[in-house]
Amino acid sequence: MQTVILILGLLVVAFMALGVYAGVKVIGAARRGVDRTITQARRTVEDTTLRAKSLGQVGVSGELAQLRLSLRTSMRATQEALQTGVTEDASLSESLGLFQRLSVHGRELDDELKRLEREPDKTTVSSLLPGLKERTGQITRSAESLRWAARDRARQFADDDLAALNVQIDVEAGALRHWTTATQGPAPGQHPDGSAARSQGPGHDPAEAPGPVRRQGQERGRRQGHGRGPGDGEGGAQAITAADPRQQTAYPWQKAARPETTN
């Protein structure tokens, strides 16, 4: 009985610990979600404010707002491109590390530009603008270089995969149409090598001719065989010596030859 009570107590303690752990995790996830939402809302408000200042204000304040807006837009686009690409291409992890180092300089420049917006001495701020523009251009060019390199790499991989897929599809389509190559043959009146077959001529073998030509030759041979007599081995002798009427083949429509009588 004591063993059962001990086991039940351990189970209760385990469930309580598990509940506390799950509650802490849920609270932490909710807090991170709230912080992320607040950060995104603050970023959206700042971007909208900078865009309004760059369009509505002139002079030093408008130029500072334009620099901050271009810097933040370029850095955010590069960060999204690299973080999205590193999940599919592990080689972008080094590029992501370089961007994190670049982000340190970008945040420092953004903080400096933000402080200069509240600076009352506009003459001093105006003298610093050329250097600030140069630093902003260097950071944005580096960020854009990383971003476009990652996009070009992803597009090249997609093109290579598409080309390989097209080759495989062509091979598979040819295999599915295997009967087309099996049923193709030489056209009537042609040899397999493509040359035209001659029905007559020296050295022509009727057995090698295609089906229609061979049948025509056999029919012609049978007709010639019926028209010859026993002694028709030589064509020249038949043309010179007259044929004996008694040795010719009799047909039903011919009259029988009368024997000659001598007086």
Side-chain angles (χ1 to χ4, degrees), residues 25 28-166:
K25 286 292 185 180
R31 182 178 300 173
R32 288 191 297 271
V34 171
D35 294 341
R36 190 181 303 110
T37 303
I38 293 174
T39 302
Q40 292 178 354
R42 185 183 298 113
R43 184 182 302 162
T44 303
V45 171
E46 289 181 356
D47 291 344
T48 304
T49 304
L50 291 174
R51 191 172 289 105
K53 287 182 178 180
S54 63
L55 296 176
Q57 294 183 0
V58 295
V60 177
S61 299
E63 292 183 2
L64 291 175
Q66 183 64 34
L67 290 177
R68 288 191 64 193
L69 183 62
S70 62
L71 177 64
R72 292 162 66 93
T73 303
S74 178
M75 296 296 288
R76 188 178 301 116
T78 304
Q79 182 179 7
E80 293 177 355
L82 292 178
Q83 287 180 351
T84 303
V86 76
T87 58
E88 300 177 357
D89 188 2
S91 61
L92 292 179
S93 57
E94 185 176 356
S95 301
L96 187 59
L98 294 175
F99 174 75
Q100 291 175 355
R101 293 173 56 186
L102 183 64
S103 299
V104 175
H105 297 278
R107 283 191 293 268
E108 292 178 354
L109 179 58
D110 185 67
D111 294 339
E112 185 177 356
L113 293 173
K114 189 175 182 179
R115 287 193 303 268
L116 291 176
E117 286 181 347
R118 298 187 296 268
E119 179 64 36
D121 189 0
K122 301 301 181 181
T123 304
T124 304
V125 176
S126 179
S127 63
L128 296 176
L129 277 177
L132 295 172
K133 290 180 180 179
E134 180 65 24
R135 289 175 59 189
T136 304
Q138 290 178 355
I139 295 175
T140 54
R141 282 193 298 269
S142 299
E144 290 174 358
S145 178
L146 287 174
R147 181 172 69 252
W148 285 109
R151 291 177 179 176
D152 293 342
R153 181 180 178 86
R155 184 169 58 253
Q156 182 63 36
F157 284 164
D159 293 342
D160 294 342
D161 183 67
L162 180 60
L165 181 60
N166 289 333

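Position 1 is the first residue of the sequence; numbering continues from there.
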Worksheet item: Taking atom CZ of Arg135 and atom CG of Leu113, what is their separation to the nearest 0.5 Å?
Response: 7.5 Å

Worksheet item: Do Gln138 and His105 have side-chain heavy atoms sitting under 4.5 Å apart?
Response: no

Fill in: Straight-line distance of Leu116 CG to Ser126 OG, nearest 0.5 Å
11.5 Å

Discussion item. Using side-chain heavy atoms (C-beta onward) and a distance below 4.5 Å, is Leu109 in contact with Leu67?
Written reply: no

Item to complete: State whether the number of non-hydrogen atoms from other residues, nucleotides or ligands found under 6.0 Å of Lys114 atom NZ is greater than 12.
Response: no

Item to complete: Over all heavy atoms of both residues, which pair between Ser127 and Thr124 is shortest? Give the atoms and the distance, please.
Response: OG-O, 2.5 Å

Item to complete: Report yes if some heavy atom in the side chain of Leu96 is under 4.5 Å from a heavy atom in the side chain of Leu146; otherwise report no.
Response: no

Item to complete: Would you check if Val60 and Thr123 make a side-chain contact, meaning some heavy-atom pair closer than 4.5 Å?
Response: no

Discussion item. Restricting to side-chain contact (heavy atoms from CB on, under 4.5 Å), what partner residues turn up for Ser142, sequence neighbours left out?
Written reply: Leu102

Item to complete: Without swapping roles, check the side chain of Thr37 against the backbone of Gly33 for a donor-acceptor pair under 3.5 Å.
Response: yes

Fill in: Short side-chain to backbone donor-acceptor contact, Thr78 and Met75, under 3.5 Å
no

Discussion item. Checking the side chain of Asn166 only, and the main-chain atoms of Leu162 only, is there a donor and an acceptor separated by less than 3.5 Å?
Written reply: yes

Worksheet item: Do the non-hydrogen side-chain atoms of Glu63 and Leu132 ever get within less than 4.5 Å of each other?
Response: no

Item to complete: Please round to the nearest 0.5 Å and tell me the distance separating atom NZ of Lys133 and atom OG1 of Thr140.
Response: 13.0 Å

Response to the item:
One should read off an interatomic distance between Gln66 CD and Leu69 CG, to the nearest 0.5 angstrom, of 5.5 Å

Worksheet item: How many angstroms lie between CD in Glu112 and CG in Leu128, if you round to the nearest 0.5 Å?
Response: 7.5 Å

Discussion item. Taking Ser70's backbone N and O only, do any of them form a donor-acceptor pair with Ser74's side chain (distance below 3.5 Å, no angle check)?
Written reply: no

Discussion item. I'd like to check Arg101 versus Leu98 (side-chain heavy atoms, cut-off strictly below 4.5 Å). Are they in contact?
Written reply: yes

Practice prompt. State, yes or no, whether a side-chain contact exists between Arg147 and Phe99 at a heavy-atom distance under 4.5 Å.
Written response: no

Practice prompt. Could you tell me whether the side chains of Asp152 and Gln156 share a donor-acceptor contact shorter than 3.5 Å?
Written response: no

Worksheet item: Between Arg118 and Arg115, is any pair of side-chain heavy atoms under 4.5 Å apart?
Response: yes

Discussion item. Taking Ala81's backbone N and O only, do any of them form a donor-acceptor pair with Thr84's side chain (distance below 3.5 Å, no angle check)?
Written reply: no

Discussion item. Nearest 0.5 angstrom please: Arg72 CZ to Arg68 CZ, how far?
Written reply: 5.5 Å

